[in-house]
Every structure is written in C-alpha cells, then in structure tokens.
Protein chains: 2
Amino acid sequence: MAGSRSLRQGFKGHASRLTAPRQAILEFLSKSSKHMSAKEIYSSLHRSYPGMGLSTIYRTLDLLARMGIVTKLSLGDGQSRYELRSKKEEEHHHHLICTNCGKIINYSEFLDEELGLVKKTEDKLAKKYNFVIQDHNIEFLGICEKCRGK
Amino acid sequence: MAGSRSLRQGFKGHASRLTAPRQAILEFLSKSSKHMSAKEIYSSLHRSYPGMGLSTIYRTLDLLARMGIVTKLSLGDGQSRYELRSKKEEEHHHHLICTNCGKIINYSEFLDEELGLVKKTEDKLAKKYNFVIQDHNIEFLGICEKCRGK
DNA sequence: GTTCATGCAAAAGATTTGCACACAG
DNA sequence: CTGTGTGCAAATCTTTTGCATGAAC
C-alpha cells in the first residue's frame, strides 16, 4: 500500500507506527470511492473493528494529512472529508455540487484542458506570491436536475 | 444598496423585512474587504449594536445566501465565511490558501483566461449532468513564504 | 391580532483534548 | 522501562433550534 512505506519512515521526527487502527483506516480509504467523513469511516470500521474510537479516526486522519498521504476537503456541509492523495492523483477529479441537496458529483472528463491552465496559473501564483503550491480545488455549484424538478 | 430592493421584494413568498439588524449586517459586508465569518461579523457589529445576538447573524446570513445576495464559502478552517455576491461579481477573485497558517490571498490578476475556461467547462457540465450552474470556486493550496522560512 | 424577527438559552454536531491504561520496542 | 497510541469522557467550537417577547403590518 502507498502509505505503509511513508508511515514507517515516520513524520517529521515524530514516531509513527503502522498500527492496526491506522492500517484499517488506510485500507478503508483505499477501497472507498468517494471522499469520506470521519463519521462515515467510523461507522464503517465499527463493524469489523468494534473498539475503535472516533478520536483515533480524527487523530489518524490528521496525521495522514500532515504526512501528505491524505487530502482534507471542505465541501461546505459542515464536516471535513478525506481521501487518499494517491487515489486523488490516479483518479484526479473536480467537483460539481448541488447547493440544494448537497449531492456531489466527481467529474474527471473535462480535466485535460483544465489541468493545463491550472499548471500555468500555479506557476504565476507561485512566482508572484512566493508560494509553494501543492494542490488545487475546483468546484462548480448549482442545482441538480432532481432539485430543479421540484 | 444592492440588497435593499431584493430584500423588500421578499424571498420565495416568505416575508423578508429589511430590519435594522439585517441592514447592519448588509452594510458591514459591503464595507468589509475580506470574507467574514459569523463570529467576526458579530464581534464587529457588537460595538455599534450591542444587543445583537449571534443567532440573528446566522439566520440573516442564511436568508441572504438563499436569496442569492450573499455567498457562503468553506475554506477549510472549520467555519463558514460570507461575502456579498455583488461584491464578488465586481471584484471576482479566486483563492490562494496556505495550508500551514491558514492565510488566504484573494487573487484576481490571472482570471481572464481562467474565466474563459470556466465558462466552457460550465457549459459542458451543465449539459452532461443536467445542472444549472450558479457559481464556482477555485482555490490553490500551498505553503506561504513565511511558513516555508521556519 | 397575526405574522415575522429577535435575543437568549439550550441543543446539536463536529472536532479536539486530558488522562489513564495498553502495548511495542 | 519508556515512549507512543488508544479509548473514553469531557471540553470546545460552530451552527441550529425552541421559545417567549416585541415589532410590523
């Protein structure tokens, strides 16, 4: 798995053991197709791993995010969502969000031209503002067919 | 002010009076340059308007957002931020965010080409997914100069 | 007098933190 | 042993809701 090597090398001098809960969370993220909230991870893992506490999920996600293994997303519904960065790179996508029902569509079919421009913009921004740019987030907001029908 | 006419016409059949607290919030948003959190609005308004409660702020912001007068942003720091849509249109910008210290830079200097592509993508997404697209959000994430120095 | 808006307090969620114990090296 | 990771409970923080009062129409 992508994360295990990095996990074993640890994070910024802090120890980082690849424990059972952490493995479970990583494995779960690598299997799940969508971006998952802490609660969703918790509920799903609870079946096969009854003892696990919510705080462990949060602490692990935070660790993984700081290690760069996981990406934390804020999509506007009041809770953070997480996805494996490797997965994001493989199946890079942007978001189309219904502001009425909260439905999220990951689209990846019009990315080619988008990504070209993104790269260009990244370079300009990096130069002008002295940033090291690591990621981007593009979302379109609107009303989905279903909600419009009502 | 942009909002007053719309406010007086009401919202989807619901009554919507242009009351003093609502005026104060609108005025504050029209003066403020950045996207403000509910708490920030509350603190600032509290000086000139001691009685105002936080819930009024939230209720008003929600109302204004549903009316389309205000845009609600989720920038990943655990609280929502709001800005006048009219202002957004006048001074449309995208975001550059430091994932370490949370600093947010609004940039608007490379938007021309971005917006062209955005329009094209909007059309394609609208057609393919049957969405009515109302808005978009583009952000770049990275590490700012200051944080990198440490 | 009915409806709408507000403040306050309580409630609800999401996330973080303190602490004592378990466990690995 | 020593330090790291964990679960649980409590604490925080943001946002929402219930309710009684007051204002607008």
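In what follows, chains are A, B, ... by sequence order, proteins preceding strands, each numbered from 1.
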- [ ] Can you sort out which residues in residues 43-53 of chain A have a heavy atom within less than 4.0 Å of DNA chain D? Ascending by number, please.
- [x] A:Gly51, A:Met52, A:Gly53
Task: Nucleotide of C:dT15, C:dA14, D:dT6 approaching A:Thr19 most closely (side-chain heavy atoms) - done: D:dT6
Task: Whole angstrom value for the distance that separates C1' of C:dA14 from CG of A:Leu61 - done: 13 Å
Open item on the list: So, OP1 or OP2 of D:dT14: does either fall under 4.0 Å of a side-chain N or O from B:Ser37?
Closed with: no
Task: Point-to-point distance, once rounded to the nearest 0.5 Å, from CG of B:Asn130 to NZ of A:Lys146 - done: 13.0 Å
Detail all sub-3.5 Å separations between protein N/O atoms and N/O atoms belonging to nucleotides 17-23 of chain C.
| residue | atom | partner | partner atom | Å |
| --- | --- | --- | --- | --- |
| C:dG18 | O6 | A:Arg59 | NH1 | 3.4 |

Task: Side-chain touch A:Ile41/A:Leu61, heavy atoms, less than 4.5 angstrom - done: yes
TODO: Look at the rings of B:His94 and B:His136 and say which category their plane angle falls in: under 30° parallel, 30 to 60° tilted, over 60° perpendicular.
DONE: perpendicular
TODO: Nearest whole angstrom, please: distance from the C1' of D:dA23 to the CG of B:Leu18.
DONE: 15 Å
Open item on the list: Measuring to OP1 and OP2 of C:dT15, would you say a side-chain N or O of A:Tyr58 lies under 4.0 angstrom away?
Closed with: yes
Open item on the list: Do B:His93 and B:His35 make a side-chain contact, defined as non-hydrogen atoms from C-beta onward lying under 4.5 Å apart?
Closed with: yes
TODO: Measure the distance from OH on B:Tyr42 to P on D:dT16 and round it to the nearest whole Å.
DONE: 16 Å
- [ ] Answer with yes or no whether the side chains of A:Asn137 and B:His95 bring together a donor and an acceptor at under 3.5 Å.
- [x] no
- [ ] Among C:dA14, D:dT15, D:dG5, find the nucleotide with the atom closest to the side chain of B:Ala38.
- [x] D:dT15
Task: Interatomic distance, A:Asp77 CG vs C:dG13 P [rounded to whole Å] - done: 14 Å
Open item on the list: For a quick test of reading the model, state the closest non-hydrogen atom pair linking B:Ile25 to B:Ile57 and the distance between them.
Closed with: CD1-CA, 3.9 Å
Task: side chain to side chain donor-acceptor pair (under 3.5 Å) against B:Tyr58, all qualifying residues, sequence neighbours excluded - done: none
Open item on the list: In this structure, how many angstroms lie between the P atom of C:dT15 and the CG atom of A:Leu63, rounded?
Closed with: 17 Å
Open item on the list: Can you measure A:Ile25 atom CD1 to D:dT6 atom C1' for me and round it to whole angstrom units?
Closed with: 11 Å
TODO: Work out which heavy atom in B:Met52 is nearest to a heavy atom in B:Ala24; give both atom names and the distance.
DONE: CE-CB, 4.3 Å
Task: Side chains of B:Tyr82 and B:Leu64 in contact at under 4.5 Å (non-hydrogen atoms) - done: no
Open item on the list: Taking only side-chain N and O atoms of B:Lys39, does any of them lie within less than 4.0 angstrom of OP1 or OP2 on D:dC13?
Closed with: no
Task: Whole angstrom value for the distance that separates C1' of C:dA24 from CZ of A:Arg22 - done: 13 Å
TODO: Return the value, rounded to whole Å, for the distance between atom CG of A:Leu54 and atom P of C:dA12.
DONE: 18 Å
